[in-house]
Amino acid sequence: MNPNFETFPVLSALQKIVDSIQKNPVTILDAPPGSGKTTALPLELLKFNLTAGKKICILEPRRIAAKNAAKRISQTIGESVGGTVGYRVRFDSKINRDTKIEFVTDGILTKYLLSDPELSDYGLLIFDEFHERRLESDLCFALARKSQEIFRSDLKILIMSATLEGQNFVNLGITNPPIEVSTVTHPLEIFYMGQSQKNIIQRFIDLIPKAVEQTTGDILVFLSGKKEILDLKSQLEVNQTIKENSIVLPLFGDMNLSDQEKIFLPDSRGRKKIILSTNIAESSVTIPGVRVVFDSGYFKHTIFDPDSGITHLVRDRISLSSAKQRAGRASREGKGFVYKLWSKEEESDFYDRTKPEILEGDLDRLVLEIKSFGEEINSLPFLDPPNKGSLALSMARLKLLGCLDKKNQLTDLGKETLLYPLPIRLGCVISRLPKEKETIIADIVSILGKESTGTETKEFPNSISQNSFSQELKLVYEQILSIFKGKNVYPQNNKSDHRDFYFCKGFPDRIGKRKEKEGKEYKLSNGKIGTFNSNLLHLPEYILALDTISFGSTLYVTQYLPISIEQIEESLNEHIETVQSPEMKTNQRDESFLIVKEERKIGDLILDSKELTKPNPTSIQNALLEYLSSLDWDYEWKKREDLLYYYHRVQFLVKNGVLGVNVSLDQLKSTVKEWLFPFLNFETQKFSLTNLPFLEAFKSYVGYENQSIIQKEAPTSIQVPSGSTLPLQYHNNEPELHVKLQELFGLKSLPNLANGKVKILVHLLSPARRPVQITKDLESFWNNGYHEVKKELKGRYPKHPWPDKPWEAIPTKHLNHNKRS
């Protein structure tokens with residue numbers, strides 16, 4: 001019996017939705033699960049002729065949702081899918097020339113937009129389950145908005161979701177408020193199961209059989225990934241209660257679509273369905289019969305490390321919006337029950353919503369697709385723009401792979417790589433294959449769809465047959481092979497007989513060299529350290545890290561190819577650079593010497609190095625410049641007392657406007673080649689660092705013509721009335737004199753320095769050379785402070801003179817009995 005569409009809550013707002021679509025470029029619909037927005041609304045919108053005869057295109061993030069939505073709507077109008085309502089997903093398509101409503105996945109819509117930016121066949125574009133914020137969906141939305149701006153002012157966009165909190169629509173100039181639909185929901189009881197010492201799989205093994213016996217309706221169990229699903233399935237199926245009363249059905253992304261669709265069908269024997277699903281079931285069309293949901297509270301997603309170009313699969317807590325979506329699956333058709341395997345207190349730490357994939361995903365394909373569209377990334381209206389740092393690293397990586405040229409423009413290789421629905425690296429490998437090497441495609445495709453189940457390191461097989469592929473992977477292989485046979489036009493300048501030549505082309509930043517002879521760590525050309533977690537006895541010196549997984553700061557190489565230095569040189573010769581670098585050596589007499597090492601590198605990985613026995617003068621100069629640039633100059637100058645003292649005198653005069661020379665250490669460091677190198681002899685095989693003539697060279701930098709000014713206005717010493725010649729210090733950017741007060745009797749003032757601008761700061765000392773007063777005004781000290789000092793120190797130092805009138809006394813550096821009467 002067909003459902004009565006008037007009973008769907010979303011249709012209560014139908015006129016508002018129609019009016020908004022007619023008036024605004026973008027309409028936003030906020031409607032709860034089960035309100036009919038996916039299956040009821042599109043057919044009703046078709047009746048209003050909003051598209052001037054063009055089709056309605058509905059983007060569903062997942063293939064299973066796209067197919068089942070098309071099937072359900074077709075059933076309601078008594079048609080087979082592919083008539084008025086059809087779909088296009090990867091590996092499957094059901095449409096004809098009369099199709100008016102077309103469900104597609106984001107990969108298909110991206111192809112539409114890239115091949116026809118005007119979307120000529122479509123008048124209304126609907127983004128369903130918008131909250132999922134997949135990277136390709138965000139790209140489709142940005143491209144569609146750009147198409148509205150440039151080509152199609154008549155193109156209409158409708159955004160639909162049950163959880164739109166926190167989306168930045170206003171930032172894109174979309175100011176019309178969301179149309180909100182409320183609905184009378186079925187009762188939903190939520191049970192927080194709290195923390196447990198048992199692992200999640202064991203808890204489900206304990207709980208699910210009880211639910212089979214004590215509840216009505218089918219059971220939907222949310223787990224984090226494929227491995228957990230298969231583990232739980234194998235253990236549930238040996239449980240007697242489960243075997244007698246239920247059927248266990250897995251649901252995850254890389255399953256065959258026909259197997260995925262079994263969850264929508266009643267069991268032929270009338271058994272209760274236990275559906276073990278990843279978050280793929282969060283947002284798909286209603287699964288009939290589900291009244292009980294078990295939620296582990298976790299999901300798996302890929303995190304892309306832009307620094308290394310490596311994608312890691314990680315397990316994380318779900319967001320509050322995901323928890324809401326999952327729970328809602330239980331009450332679509334009647335009263336439901338939800339069992340959350342966490343506590344209410346734990347839930348307060350959940351994020352409000354899942355972070356958009358564009359903020360932490362692999363941007364390589366996005367960059368190339370935008371280039372293919374003819375735009376620059378910063379010109380597109382993204383809801384959340386990608387991180388600028390990640391974009392810069394992606395551009396650099398794409399240039400390394402050869403997909404972008406030096407001006408960041410799309411190359412022929414980049415264009416062909418985009419033809420393959422694969423990670424860009426693998427597309428690059430296939431694009432470089434000559435026609436006669438199509439057998440390698442099976443090896444490349446085999447890398448796809450593998451979820452790491454641990455950290456164990458495995459060697460990539462020598463040869464892989466497509467006969468070993470799952471049905472889903474066979475479809476991928478056949479699609480890639482078909483594209484390869486028909487579209488392989490990229491010019492082949494290099495051909496090789498061995499497979500690894502082509503793999504290296506796609507992974508130039510994943511070349512690894514063993515750090516130690518007996519160790520299990522490899523330095524990778526992207527700068528990371530990869531660890532082998534295996535008991536292999538004979539590890540290769542060089543590897544290609546095809547797959548990795550990280551736990552904390554440790555990066556495990558989980559799949560690798562052993563390669564040789566000869567293969568690296570053949571495959572990646574254009575990426576190998578020869579550089580010279582300095583190294584300091586110290587002999588037994590603590591003399592330091594600079595040597596020049598010549599290194600062959602690929603990225604951050606040193607393939608080999610040697611010391612140049614006869615470096616030319618230019619090599620030594622470059623090495624010295626690099627060495628000096630790496631030094632901490634503040635620390636280095638403090639080690640050289642004569643240089644530091646002279647530097648402080650010059651600094652003092654510069655500060656007070658006597659000299660007009662820039663003597664900041666940053667300036668000296670950046671110009672060291674101009675002022676230091678003329679004082680060095682580079683015609684030597686062993687360049688000494690022990691006695692670099694910094695002082696002489698710095699004097700030349702300051703100017704020999706200024707030396708007399710420096711000596712006069714910032715002298716190294718001064719003669720005091722006692723006859724002593726005492727040093728002046730300048731380390732605090734002002735002159736300081738440390739002197740026993742008896743040596744200054746009779747003196748009212750010291751000469752000013754820096755063209756008379758600066759008084760000397762006098763540190764007056766006791767006979768034991770301890771400070772008793774600091775002053776720049778001697779006359780004031782004699783008249784005031786001296787008498788307090790005398791009162792305190794005369795008894796302690798009776799052999800030293802303490803006259804009542806110090807301004808009339810004879811200065812002395814001697815004791816009383818040596819004083820003249």
Side-chain angles (χ1 to χ4, degrees), residues 61-62 131-135 192-205 207-208 220-236 250-255 275-283 293-306 308 310-327 329 338-343 345-362 423 448-457 530-531 533 547-559:
R62 304 181 188 279
H131 66 275
E132 288 203 13
R133 298 297 307 279
R134 288 155 63 105
L135 191 148
Y192 289 91
M193 307 304 290
Q195 297 176 330
S196 170
Q197 298 304 314
K198 293 180 182 178
N199 64 39
I200 287 173
I201 299 297
Q202 185 59 52
R203 295 180 75 184
F204 281 140
I205 292 169
L207 292 168
I208 292 173
L220 175 59
V221 183
F222 284 100
L223 293 116
S224 59
K226 175 181 175 181
K227 178 182 182 298
E228 291 82 356
I229 288 172
L230 296 180
D231 285 350
L232 181 56
K233 180 177 183 291
S234 65
Q235 296 191 58
L236 286 177
L251 179 62
F252 47 84
D254 60 355
M255 282 175 63
I275 302 161
L276 309 181
S277 178
T278 62
N279 57 358
I280 190 174
E282 274 183 26
S283 306
V293 166
F294 283 96
D295 191 352
S296 68
Y298 288 96
F299 78 117
K300 283 184 180 175
H301 62 124
T302 54
I303 294 285
F304 186 70
D305 177 4
S308 65
I310 294 175
T311 299
H312 308 298
L313 189 69
V314 297
R315 191 181 81 144
D316 266 339
R317 274 294 193 191
I318 60 173
S319 65
L320 291 174
S321 63
S322 288
K324 178 181 176 182
Q325 287 276 354
R326 291 182 176 190
R329 295 281 135 186
V338 178
Y339 298 89
K340 299 181 175 182
L341 267 64
W342 62 86
S343 66
E345 291 72 27
E346 285 179 275
E347 193 171 85
S348 63
D349 293 329
F350 285 19
Y351 289 114
D352 288 337
R353 63 187 181 102
T354 305
K355 186 180 290 186
E357 189 182 357
I358 198 170
L359 299 180
E360 56 185 17
D362 182 354
L448 297 173
K450 291 187 176 178
E451 181 180 316
S452 292
T453 57
T455 62
E456 185 179 356
T457 305
T531 300
N533 188 16
D547 199 9
T548 61
I549 189 168
S550 64
F551 288 91
S553 60
T554 304
L555 183 73
Y556 290 103
V557 177
T558 53
Q559 194 168 56

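Note that the CD atom of Glu360 and the CG atom of Leu135 stand 10.5 Å from one another [nearest 0.5 Å]. Taking CD of Gln202 as the start and CG of Asp231 as the end, the distance is 12.0 Å to the nearest 0.5 Å. Here the straight-line distance linking atom CZ of Arg133 with atom OG of Ser321 works out to 11.5 Å at 0.5 Å rounding. From Glu346, atom CD reaches atom OH of Tyr192 across 11.0 Å, with rounding to the nearest 0.5 Å. Here the OG-CG distance, from Ser296 to Asn199, works out to 12.0 Å after rounding to the nearest 0.5 Å. Here the CG-CZ distance, from Asp349 to Arg317, works out to 9.5 Å after rounding to the nearest 0.5 Å.
Heavy-atom minimum distance, Ser277 versus Leu220: CB-CD1, 4.0 Å. When all heavy atoms of Leu251 and Ile229 are compared, the pair lying nearest together is O-CD1, 3.6 Å. Nearest heavy-atom pair, Pro61 versus Glu132, reported as atom, atom and distance to 0.1 Å: CB-OE1, 3.6 Å. Residue Thr548 comes nearest to Thr558 through the heavy atom pair N-OG1, 3.6 Å, listed as atom of the first residue, atom of the second, then distance.
The only member of Leu341, Leu223, Ile200 that meets side-chain contact (heavy atoms from CB on, under 4.5 Å) when paired with Tyr298 is Ile200.
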Inset, instruction - For His301 and Lys355, run side chain to side chain contact (heavy atoms under 4.5 Å, CB included): C-alpha distance rounded to whole Å, both residues' side-chain angles, the deciding distance at 0.1 Å, then the answer. - result: CA-CA 11 Å; His301 62 124; Lys355 186 180 290 186; over 6 Å; no
Legend entry - Asn279/Arg62 under side chain to side chain contact (heavy atoms under 4.5 Å, CB included): CA gap, chis, key distance, verdict: CA-CA 11 Å; Asn279 57 358; Arg62 304 181 188 279; 3.9 Å; yes
Inset, instruction - Mind running side chain to side chain contact (heavy atoms under 4.5 Å, CB included) on Phe222 and Val293 for me, showing each step along the way? - result: CA-CA 8 Å; Phe222 284 100; Val293 166; 3.9 Å; yes
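Counting only heavy atoms from C-beta outward, the side chains of Trp342 and Asp295 approach each other to under 4.5 Å. Looking at heavy atoms from C-beta onward, Phe299 lies in side-chain contact with Thr354 at the 4.5 angstrom threshold. For the pair Thr278 and Lys300, the minimum side-chain heavy-atom distance is 4.5 Å or more. Within the 4.5 Å cutoff, side-chain heavy atoms of Phe350 are placed close to those of Ile318.
Residues passing the salt bridge (charged side-chain N to carboxylate O under 4.0 Å, His left out) test with Arg134 are Asp106, sequence neighbours excluded. With sequence neighbours excluded, the residues satisfying side chain to side chain contact (heavy atoms under 4.5 Å, CB included) with Lys324 are Thr163, Glu165. Scanning for ring-ring contact (aromatic ring centres under 6.0 Å, His included) contacts around Tyr339 gives Phe191, Phe294, with sequence neighbours left out. Under the salt bridge (charged side-chain N to carboxylate O under 4.0 Å, His left out) criterion, Lys340 pairs with Glu347, not counting sequence neighbours. Every residue was checked against the side chain to side chain contact (heavy atoms under 4.5 Å, CB included) condition with Tyr351, not counting sequence neighbours, and none meets it. The salt bridge (charged side-chain N to carboxylate O under 4.0 Å, His left out) check on Arg315 picks up nothing, with sequence neighbours excluded.
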